[in-house]
Amino acid sequence: MRYSKLFIPTLRDDPADAEVVSHKLLLRAGYIRRVTSGVYDYLPLGLRVLRKIESVVRDEMNMAGAQELQMPMVQPGELWEKSGRMEKYGPELLRFKDRHGHESCLGPTHEEVICDLVSRELRSYKQLPMNLYQIQNKFRDEIRPRFGLMRGREFIMKDAYSFHADEDCLAAEYKNMFDAYCRIFTRFGLKFRPVEADTGSIGGSDSHEFHVLADSGEDLIAHCGACEYAANVEKAVSNRQAAVADQTELNMVDTPAVTSAEDVADFLSVDIALLLKTMVYRIIGGANDGSIVAVCVRGDDQVQEIKLAHVVGADSVEMATDAEIASIGGVTGFVGPQNLSSRILLDHSLEGATGLAAGANHQDAHVTGLDIARDITSAEFFDLRQTRTGDTCVHCGGDIALSRGIEVGQVFALGTRYTKPMEVLFQDQQGKRSVATMGCYGIGISRLMAAIVEQCNDDAGISWPLTLAPFSVGLISMGKSNAVLEASESIYSRLKEAGIDVLWDDRKERPGVKFKDFELIGLPFQIVVGDRGLNDGQVEAGWRKNERRPVPVADIVSVVMSELQPVEMEN
RNA sequence: CGGGGCGUAGCGCAGCCUGGUAGCGCAUCUGGUUUGGGACCAGAGGGUCGGGUGUUCGAAUCACCCCGCCCCGACCA
């Protein structure tokens with residue numbers, strides 16, 4: 001491809017509204033443009049990268065035995081009514097009526113559609129298992145789209161759905177997909193980590209997320225330094241060294257206008273870990289929708305709201321209002337676990353604790369010497385705290401550390417969560433009607449593009465891995481002497497004939513401009529043709545990251561082939 | 001939706017406080033000189049100052065409303 005004919009609108013300055021490096025670079029290097037909040041154009045360079053990402057994913061999915069199909073973006077409301085998610089999915093599901101007044105929505109995911117399809121065609125266990133996938137646009141009306149491709153409203157996802165006659169078969173496919181995902185992210189050359197995950201709004205039993213490690217990641221993951229354990233903090237469990245204090249009398253003390261855990265600890269001169277922090281939540285969804293619960297953790301811990309939601313069987317939880325706190329006998333800022341009329345849930349780390357300071361449920365007062373076993377009636381203990389650094393691993397006792405990650409894939413063992421309501425039934429080996437079990441497996445294709453840039457960049461721009469670069473080779477001709485033009489033209493066509501993806505910068509620009517643009521765009525290998533070397537029958541060639549070396553014009557194609565080939569073989 | 005910030009030429013910004021009809025750098029176009037790391041000279045084009053209403057002789061500037069964008073929280077591939 002000739003640069004002069006390609007639409008690559010590069011920018012000198014960082015766009016003011018881009019925050020993370022991938023967003024800035026993809027915009028500046030002319031890969032994407034914003035259309036509206038969370039919705040982007042993929043320009044020619046961006047599309048080329050997308051296609052390469054897709055082809056690796058396709059390759060591995062096909063090799064793992066899955067088959068590709070394509071489902072629609074527009075979905076009928078009935079399907080969502082049937083699965084029960086019309087109500088549950090919430091405002092993220094973009095709904096609309098067509099001209100006939102028919103309830104429709106834009107597909108944020110495709111469990112309903114695939115179940116509908118499979119339920120119509122599935123008769124016998126002999127048709128199982130099967131794994132169907134697509135690479136397609138999704139739309140989720142995100143509360144807050146941000147960071148460019150990282151969290152768009154419209155995005156591209158590879159989603160696969162598998163159906164099975166029994167649990168064992170599902171487990172085997174889950175493992176199969178897990179392994180395929182590891183191969184995919186390895187082929188991209190990414191630093192990634194599979195972690196145990198909460199199943200979120202999709203539901204199901206088992207789930208793992210695949211995270212690309214990056215400081216700009218929106219997720220926090222906990223991992224053990226000594227063993228393989230890793231989990232999203234929404235789910236991570238860990239042991240903590242609990243601070244202990246002697247058993248003492250229960251006392252009420254004045255703490256005028258001292259409310260936060262830090263301030264109370266300072267004011268009373270006690271270790272913040274010997275504080276008991278009480279948070280009051282309202283339950284959203286589920287059997288106890290609307291009811292209020294009190295939750296206690298140590299002063300230096302945070303309540304993990306996802307864990308809490310699971311414990312109380314809620315869709316989610318929200319902090320209670322002052323009035324709601326008062327309704328259970330609490331006083332905002334001074335809430336404690338004693339004499340509350342609501343359910344009181346305590347984190348395991350508080351079981352048997354003594355000598356604690358806590359809110360007194362009186363204005364401007366706390367209690368000291370609180371003894372959980374002695375002073376709290378009807379306490380229930382659960383894992384409710386968020387794992388933090390300094391905790392130890394429940395499996396091996398090793399130290400837990402936290403990292404930031406970008407979630408680029410997730411696998412779910414869904415069981416019959418969808419197949420039951422959607423009536424995906426078949427006749428089993430005994431001739432009985434049976435519900436299929438299901439798994440689903442997603443990879444965020446467009447998000448991956450951003451995640452890769454997060455890991456592959458430097459001060460000058462993007463630094464694509466060879467397998468994903470929009471072009472493998474950038475050919476830069478310098479000056480406009482006929483010798484340079486002719487040599488460039490001939491090298492360009494010889495490279496093309498050899499099957500190498502080459503971008504020839506034939507523009508009438510000064511060398512500096514060309515170098516800067518190529519480094520910004522991030523092509524992995526460069527060839528420079530200039531009068532200086534041409535006089536000795538040479539051009540320069542080299543990887544973006546290294547120095548270029550002189551190469552005889554006659555050898556350039558074979559040199560490029562031998563440089564590029566071994567790298568491609570590794571992948 | 002709650003909290004903070006912003007909206008002036010394609011991009012990055014100044015002007016606003018203290019009203020007088022818009023400016024800088026980059027980019028673009030023309031001519032010339034340049035040509036191994038974002039050139040130089042000369043000239044040119046491009047803006048209903050996010051939108052509306054109001055105050056005023058006069059509004060980019062002041063007030064109110066709306067819209068859009070970005071950042072922090074709840075969501076997820």
Side-chain angles (χ1 to χ4, degrees), chain A residues 9-20 23-24 27-28 30 33-34 36-38 53 57 89-93 108-110 135-160 181 197-202 207 209-212 217-219 232 234 281 284 305-306 309 315-319 321 405-412 440-451 460-461 476-481 484 507-520 526 528-534 539-540 548:
Chain A
T10 59
L11 265 18
R12 276 200 194 198
D13 302 312
D14 279 339
D17 51 7
E19 183 77 3
V20 297
H23 190 194
K24 287 180 187 169
L27 241 21
R28 273 190 63 201
R33 284 292 183 268
R34 195 188 74 99
T36 183
S37 178
I53 295 172
V57 172
Y89 211 91
E92 225 173 282
L93 181 65
T109 174
H110 284 70
I135 294 178
Q136 203 234 21
N137 285 33
K138 301 278 187 269
F139 192 94
R140 294 181 188 169
D141 202 353
E142 291 281 346
I143 306 161
R144 182 146 89 90
R146 63 182 140 179
F147 302 156
L149 258 31
M150 210 92 105
R151 175 177 299 277
R153 294 196 297 164
E154 183 173 303
F155 59 98
I156 302 168
M157 176 159 121
K158 185 282 308 178
D159 48 327
Y181 275 32
D198 183 69
T199 53
S201 62
I202 306 279
S207 182
E209 292 167 346
F210 289 78
H211 284 265
V212 168
E218 296 182 274
D219 284 278
N232 193 305
E234 293 173 352
Y281 286 91
I284 313 283
E305 295 183 0
I306 308 265
D315 292 340
S316 63
V317 293
E318 261 178 32
M319 297 285 277
T321 62
I406 302 165
E407 187 197 343
V408 291
Q410 187 164 14
V411 293
F412 299 86
C440 81
Y441 320 92
I443 289 181
I445 301 286
S446 46
R447 178 182 282 181
L448 248 178
M449 184 161 145
I476 300 180
S477 40
M478 300 213 296
K480 51 185 177 187
S481 77
V484 166
R507 292 177 301 170
K508 293 177 181 30
E509 286 288 353
R510 299 170 64 84
V513 174
K514 297 189 176 188
F515 285 127
K516 292 288 183 194
D517 272 338
F518 271 80
E519 277 156 15
L520 216 209
Q526 291 183 347
V528 178
V529 182
D531 284 315
R532 202 163 73 187
L534 226 43
V539 295
E540 292 163 38
R548 293 181 293 270

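We name chains A, B, ... by the order of the sequence lines, and we start the count at 1 in each one. Values below: all heavy atoms of this structure, side chains included; hydrogens, waters and symmetry mates excluded.
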When both distances are under 3.5 Å in a Watson-Crick or G-U wobble arrangement, the nucleotide paired with B/G7 is B/C67
Next on the checklist: At 4.0 Å (heavy atoms only), tell me whether A/Met478 reaches a base, stays on the sugar-phosphate, or touches nothing.
Outcome noted: base
Applying the 3.5 Å cut-off to both distances, the Watson-Crick or G-U partner of B/G45 turns out to be none
Item to complete: Test for a donor-acceptor pair under 3.5 Å between the base of B/C76 and the side chain of A/Arg151, counting only N and O atoms.
Response: yes
Atom CG of A/Asp159 and atom C1' of B/A77 are separated, to the nearest Å, by 9 Å
### Message
Work out how far the C1' atom of B/U56 is from that of B/C75, and round it to whole angstrom.
### Response
48 Å
| Does any non-hydrogen side-chain atom of A/Ile443 lie less than 4.5 Å from one of A/Phe210? | no
task: Using a 4.5 Å cut-off on heavy atoms from C-beta on, say whether the side chain of A/Met150 contacts that of A/Ile406.
output: yes
ask   = What integer number of Å spans the C1' atoms of B/U30 and B/C17?
value = 42 Å
By side-chain hydrogen bond (donor to acceptor under 3.5 Å, both in side chains), A/Ser446 pairs with (sequence neighbours left out) none
Write down the distance separating the P atoms in B/G50 and B/C69, rounded off to the nearest Å.
16 Å
Please write out each protein N/O paired with an N/O of nucleotides 2-13 of chain B under 3.5 Å, distance rounded to 0.1 Å.
residue, atom, partner, partner atom, Å
B/G12, OP1, A/Ala16, N, 2.8

Original post:
Do A/Glu540 and B/G36 share a donor-acceptor pair, side chain to base, under 3.5 Å?
Top reply: yes
Checking N1-N3 plus N6-O4 or O6-N4 for Watson-Crick, or N1-O2 and O6-N3 for wobble, each under 3.5 Å, the partner of B/C62 is B/G54
TODO: Decide yes or no for A/Met157 and A/Arg140: does some side-chain heavy atom of the first lie under 4.5 Å from some side-chain heavy atom of the second?
DONE: yes
With sequence neighbours left out, the residues meeting side-chain hydrogen bond (donor to acceptor under 3.5 Å, both in side chains) with A/Arg146 are A/Glu218
A/Arg532 atom CZ is separated from B/U35 atom P, nearest whole Å, by 14 Å
- Task: Look at the side chain of A/Lys508 and the base of B/U35, then say whether one donor and one acceptor between them are separated by less than 3.5 Å.
- Result: no
To the nearest angstrom, the CZ-P distance between A/Arg34 and B/C70 comes to 6 Å
Of A/Phe155 and A/Gly512, the one whose closest nucleotide on RNA chain B sits nearer the 5' end is A/Gly512
- Task: Please work out if A/Gly409 contacts a base, only the sugar-phosphate, or nothing of the nucleic acid, heavy-atom cut-off 4.0 Å.
- Result: sugar-phosphate
Notebook entry, point to check: Would you call A/Pro15 and A/Arg28 a side-chain contact if the rule is heavy atoms closer than 4.5 Å?
Noted result: yes
### Message
Any non-hydrogen side-chain atom of A/Tyr89 less than 4.5 Å from a side-chain atom of A/Thr109?
### Response
yes
Taking a pair to mean Watson-Crick or G-U wobble geometry with both distances below 3.5 Å, B/G73 pairs with B/C1
If pairing means Watson-Crick or G-U wobble with both distances under 3.5 Å, then the partner of B/C40 is B/G32
Which part of the nucleic acid, if any, lies within contact of A/Arg28, taking any heavy atom under 4.0 Å across all strands shown: a base, the sugar-phosphate backbone alone, or nothing?
base
Winner on side-chain proximity to A/Ser37, out of B/C69, B/C75, B/A77, is B/C69
Between NZ of A/Lys158 and C1' of B/A77 the distance, given in whole Å, is 10 Å
Please classify the nucleic acid contact of A/Gly533 as base, sugar-phosphate, or nothing, using heavy-atom distances under 4.0 Å. base
Nearest-nucleotide check on RNA chain B, A/Thr36 vs A/Leu520; residue mapping nearer the 5' end is A/Leu520
- Task: Could you work out the separation of B/C16 and B/U33 based on their P atoms and round it to a whole Å?
- Result: 44 Å
### Message
Using a 4.0 Å heavy-atom cut-off, does A/Gly38 contact any base of the nucleic acid, only the sugar-phosphate backbone, or nothing at all?
### Response
nothing
Taking donor-acceptor contacts at under 3.5 Å, does the side chain of A/Arg146 reach the base of B/C70?
no
Once you apply a heavy-atom cut-off of 4.0 Å, does A/Glu305 come out as touching a base, just sugar-phosphate, or nothing?
nothing
Which of B/U34, B/A77, B/G38 is nearest the side chain of A/Lys516? It is B/G38
Out of B/G37, B/A39, B/A77, minimum distance to the side chain of A/Phe412 belongs to B/A77
Residue set satisfying side chain to side chain contact (heavy atoms under 4.5 Å, CB included) with A/Ala16, at least two apart, ordered chain then number -> none
For B/G38, is there a stacking contact with A/Phe515, counting only centres under 5.5 Å and planes under 30°? no
Just to be sure I understand the rule, does A/Phe147 reach a base, reach only the sugar-phosphate, or reach nothing, if contact means heavy atoms closer than 4.0 Å? sugar-phosphate
Looking only at B/G38, B/G37, B/U34, the nucleotide nearest the A/Arg510 side chain is B/U34
Sorted by chain and number, sequence neighbours left out, side-chain hydrogen bond (donor to acceptor under 3.5 Å, both in side chains) with A/Glu305 holds for A/Tyr281
Whole-Å distance, A/Glu318 CD to B/C75 P, equals 10 Å
A/Gln410 atom CD is separated from B/C76 atom C1', nearest whole Å, by 8 Å
Any non-hydrogen side-chain atom of A/Met478 less than 4.5 Å from a side-chain atom of A/Val529? no
Given the C1' atoms of B/U18 and B/C1, what is the spacing between them in whole Å?
38 Å
A/Glu218 CD to B/C71 C1', in whole Å, measures 13 Å
With sequence neighbours left out, the residues meeting side-chain hydrogen bond (donor to acceptor under 3.5 Å, both in side chains) with A/His110 are A/Gln75, A/Gln134, A/Lys138
| said: Using atom P in both nucleotides, what's the gap between B/A39 and B/G2 to the nearest angstrom? | reply: 48 Å
When all nucleic acid strands are considered with a 4.0 Å heavy-atom cut-off, which category describes A/Val408: base, sugar-phosphate, or nothing? sugar-phosphate
*Quick one: is A/Arg153 getting a side-chain N or O under 4.0 Å of the B/C76 phosphate, OP1 or OP2?*
no
A/Lys514 atom NZ is separated from B/U35 atom P, nearest whole Å, by 15 Å
